[in-house]
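The structure displayed is predicted, hence computed values, not measured ones. Keep in mind that the numbers below use all heavy atoms, side chains included, and drop hydrogens, waters and symmetry copies.
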Amino acid sequence: MINIKENEKLSVMNHSCAHLLAQAIKHIYPEAKFWVGPVIEEGFYYDIDLGDNVITEEDLPKIEKEMKKIAKDGKRIVRNEISKEEALEMFKDDPYKIDLISRMDENENVISCYTQGDFTDLCRGPHLDSVKELKNFKLLKTSGAYWKGDAKNKMLQRIYGICFETPEDLESHLQELEEAKQRDHRRIGKELGIYMMSDLVGRGLPMYLPNGFTVWNLLETYIRDKELKRGYLHVQTPPLGNIELYKTSGHWEHYQDSMFPKMEVEGEEFVLRPMNCPHHMVIYGNDIHSYRDLPIRIAEIARDCRYEASGALKGIERVRTFCQNDSHIFCTLEQVEEEFKGVVDLILECYKELNITNYRFELSLRDKEDKVKYHQDDEMWDKAENMLRQVLNDLNIDYVEKIGEAAFYGPKLDVQVKPAVGNEITLSTCQLDFCLPAKFDLTYVDTDGSKKTPVVLHRAVFGSIDRFIAYYLEETKGSLPTWLAPTQVRVIPVNPEFQGEYAKQVYELLKEKNIRAELDDRNEKLGYRLREAQTSKVPYTLILGDKEKESQEVSYRLHGEKDTTTLSVDDFVDLLEEEIKTKTRK
């Protein structure tokens with residue numbers, strides 16, 4: 001989807017359309033007062049105080065009709081510059097505008113406002129010349145929004161919209177929005193019983209239902225098995241830690257705003273852990289290590305907690321507690337290149353098997369001018385950045401450099417994945433760190449008997465399993481590959497009275513083969529049961545009638561298809577087992 005804010009012409013057009021919306025609202029609700037109406041990536045919105053009135057989705061066509069009427073009238077949009085005193089007088093009956101004006105820079109003596117017909121709004125601009133240019137718009141949704149984003153303030157009504165130059169562009173965008181709606185993991189997650197949320201439990205705290213936890217376990221087993229084959233050692237650490245742990249690591253200084261508040265217990269101060277690296281540093285430091293022991297690859301599927309504002313929460317894509325597929329590789333300087341190559345190789349292997357094809361690499365570097373965010377050690381940074389750059393060049397991997405995007409302790413490689421809809425997401429990361437091992441005084445005994453500080457690679461292939469599930473549900477529209485589907489086969493007898501016993505035999509055989517199967521022998525019409533299997537997105541539906549019973553065969557239908565294929569039971573099991581093993585459909 002196009003980013004409206006990054007397109008200068010569309011940005012001006014959408015800003016003007018926000019004013020058109022406000023003017024129409026004022027015509028319909030004369031007592032309305034307005035806070036701000038900015039342009040955003042997805043179009044524009046306006047926050048409005050409507051008093052006792054409430055605007056619902058059903059009211060949007062009425063507002064659009066008034067907007068079209070105003071646009072057809074074709075009034076010019078005129079910019080006026082006034083003094084702060086004049087602005088305070090002009091908007092004296094509007095507490096929201098008075099607040100904006102009062103907080104303007106003392107040196108900002110000239111304030112601009114824009115007038116179109118009977119409506120004037122405080123604004124820096126720029127705007128179009130006339131409202132008649134605003135023909136192709138659509139109001140999208142309404143929501144609540146606290147004034148200034150503060151839950152202590154009054155709840156305002158927010159109306160979202162979008163505007164384009166041509167009706168074709170608008171229609172194309174609306175189709176993309178509908179596609180995004182169909183792929184939204186929040187809708188799919190509810191329909192397929194993947195996870196649930198409860199305000200009683202807390203916002204941003206997902207609970208995985210049986211279907212979702214099946215997917216979770218399969219992904220966890222998948223990545224753990226790959227790590228075991230590559231020599232990773234799995235550990236388990238607690239989801240909280242003494243505050244001194246994070247002061248030692250530097251996270252308390254650099255990351256405190258993203259952490260939950262500290263809590264005091266028996267004179268000790270604890271925090272919920274936002275990441276796993278400090279715990280893994282302590283594990284490494286528990287033993288004396290020789291250069292012969294390195295590399296040591298510590299891995300964990302670990303529960304972390306980070307504070308996210310409620311407005312930023314989104315299903316299981318952005319939450320307050322999540323599980324990272326995390327690892328820390330402790331190695332010598334000479335081993336960095338080989339270990340970094342191994343991480344990239346693991347990422348690419350997983351992407352190939354999971355059919356993730358639309359991605360690119362970013363090398364995130366520090367901003368040398370930022371003396372606050374980053375650990376101050378120019379020699380360390382230059383060495384680390386050059387090392388990652390050299391490895392990527394040696395591997396012939398195309399990448400772009402992003403200044404100012406590094407972690408506070410070192411540069412990193414980010415894999416940016418482009419989903420079927422929406423903006424890019426960071427899926428996999430690998431960070432090179434000379435800083436934390438020194439902070440924790442970690443060492444190994446080198447060949448000459450001297451103590452050296454190891455280098456650490458922080459690595460996550462899935463990022464968080466929660467976010468990966470959200471991404472994968474949207475990529476597949478919930479039609480997960482057979483190996484990952486909560487239910488792999490739905491067994492349906494045409495007439496439960498006559499083929500029910502045979503259907504049960506097939507079902508039991510599949511269960512013995514560790515195939516996740518369900519038997520639907522309810523006394524419902526066949527068409528109803530078949531439709532339900534399709535909406536449940538079960539990869540294989542077995543339809544067993546008299547012919548299948550007599551020949552001891554099965555007829556299967558793939559999800560999304562109408563044709564059926566008949567095989568012997570043994571051949572069908574072989575087909576399934578091969579597909580599950582290879583993670584590909586033959």
**Message:** Check this for me, if you would: do E42 and K141 make a salt bridge, where the nitrogen-to-carboxylate-oxygen distance has to be below 4.0 angstrom?
**Reply:** no
**Message:** Tell me whether the count of non-hydrogen atoms from other residues, nucleotides or ligands lying under 6.0 Å of NZ in K190 goes above 12.
**Reply:** no
**Message:** Is the ring pair Y222/F462 parallel, tilted or perpendicular, if the boundaries are 30 and 60 degrees?
**Reply:** parallel
**Request:** Return the orientation label for the H19 and Y114 ring planes: parallel under 30°, perpendicular over 60°, tilted otherwise.
**Result:** perpendicular
**Prompt:** Between I48 and A32, what is the shortest heavy-atom contact and its length?
**Reply:** CG2-CB, 4.1 Å
**Prompt:** Below 4.5 Å, heavy atoms only, C-beta onward: do Y540 and V489 meet side chain to side chain?
**Reply:** yes
**Asked** Do the non-hydrogen side-chain atoms of Y208 and I469 ever get within less than 4.5 Å of each other?
**Response** yes
**Prompt:** Between T214 and T487, is any pair of side-chain heavy atoms under 4.5 Å apart?
**Reply:** no
**Item:** Short side-chain to backbone donor-acceptor contact, Q488 and P539, under 3.5 Å
**Value:** no
**Asked** For the side chain of H458 and the backbone of C430, is there at least one donor-acceptor N/O pair under 3.5 Å apart?
**Response** no
**Message:** Using side-chain heavy atoms (C-beta onward) and a distance below 4.5 Å, is V131 in contact with D73?
**Reply:** no
**Request:** Output yes when a side-chain donor or acceptor of D398 lies under 3.5 Å from a complementary backbone atom of F361, and no otherwise.
**Result:** no
**Message:** If I compare all heavy atoms of I28 with all of K62, which pair ends up nearest, and what's the gap?
**Reply:** CD1-O, 4.1 Å
**Request:** Supply the atom-to-atom distance I77 CD1 to L128 CG, rounded to the nearest 0.5 angstrom.
**Result:** 5.5 Å
**Request:** Answer yes if the side chains of E81 and S112 hold a donor-acceptor pair under 3.5 Å, and no otherwise.
**Result:** no
**Message:** Counting C-beta onward and ignoring hydrogens, is there a side-chain heavy-atom pair between P486 and L480 closer than 4.5 Å?
**Reply:** yes
**Prompt:** Is there a side-chain contact between I223 and I301, using heavy atoms and a 4.5 Å cut-off?
**Reply:** yes
**Asked** Is the shortest side-chain N to carboxylate O distance from K477 to E179 below 4.0 Å?
**Response** yes
**Prompt:** Would you call E41 and K5 a salt bridge, taking side-chain N to carboxylate O under 4.0 Å as the test?
**Reply:** no
**Asked** At their closest point, which heavy atom of R516 faces which heavy atom of W483, and how far apart are they?
**Response** NH2-O, 3.0 Å
**Prompt:** Would you say the side-chain atoms of S428 and Y359 include a donor-acceptor pair closer than 3.5 Å?
**Reply:** no
**Message:** Please evaluate residues S364 and E362 with respect to the criterion side-chain hydrogen bond (donor to acceptor under 3.5 Å, both in side chains), reporting the C-alpha separation (whole Å), side-chain torsions for both, the decisive distance (0.1 Å), and the verdict.
**Reply:** CA-CA 6 Å; S364 298; E362 286 186 353; 4.8 Å; no
**Message:** Classify the ring geometry of F34 against F119: parallel below 30°, tilted from 30° to 60°, perpendicular beyond 60°.
**Reply:** perpendicular
**Request:** Evaluate whether atom CZ of R203 has more than 12 neighbouring non-hydrogen atoms of other residues, nucleotides or ligands under 6.0 angstrom away.
**Result:** no
**Prompt:** Should D414 and K412 count as an ion pair when the cut-off is N to O under 4.0 Å?
**Reply:** yes
**Message:** I'd like to know whether CD of E57 has more than 12 heavy-atom contacts from other residues, nucleotides or ligands below 6.0 angstrom.
**Reply:** yes
**Message:** Can you tell me if Y146 has over 12 outside heavy atoms packed within less than 6.0 Å of its OH?
**Reply:** no
**Message:** Assess whether a salt bridge exists between D121 and K97, defined as any Lys/Arg side-chain N lying under 4.0 Å from an Asp/Glu carboxylate O.
**Reply:** yes
**Asked** Are D118 and Q23 linked by a side-chain donor-acceptor pair shorter than 3.5 Å?
**Response** yes
**Message:** Just by distance, no angles: are the side chains of Y307 and D257 close enough, under 3.5 Å, to form a donor-acceptor pair?
**Reply:** no
**Prompt:** Within the distance-only criterion (no hydrogens, no angle test), does the side chain of R187 pair as donor or acceptor with the backbone N or O of K181 below 3.5 angstrom?
**Reply:** yes
**NZ/K314: more than 12 non-hydrogen atoms of other groups inside 6.0 Å** = yes
**Message:** Assess whether a salt bridge exists between K148 and D150, defined as any Lys/Arg side-chain N lying under 4.0 Å from an Asp/Glu carboxylate O.
**Reply:** no
**Prompt:** Judged by atom type as modelled, is there a donor-acceptor pair below 3.5 Å linking the side chain of N14 to the main-chain atoms of C163?
**Reply:** yes
**Prompt:** How about L346 and K226: do any of their side-chain heavy atoms sit closer than 4.5 Å?
**Reply:** yes
**Item:** Test: E349 and K352 ion pair at under 4.0 Å
**Value:** no
**Request:** Could you check S172 against D169 for side-chain hydrogen bond (donor to acceptor under 3.5 Å, both in side chains), going step by step and ending with a plain yes or no?
**Result:** CA-CA 5 Å; S172 175; D169 287 344; over 6 Å; no
**Request:** Please examine the side chains of W35 and D99, heavy atoms only from C-beta on, and report whether any two atoms are closer than 4.5 Å.
**Result:** yes
**Request:** Locate the shortest heavy-atom distance separating E308 from V319; write the atom from each residue and the value.
**Result:** CG-O, 3.4 Å
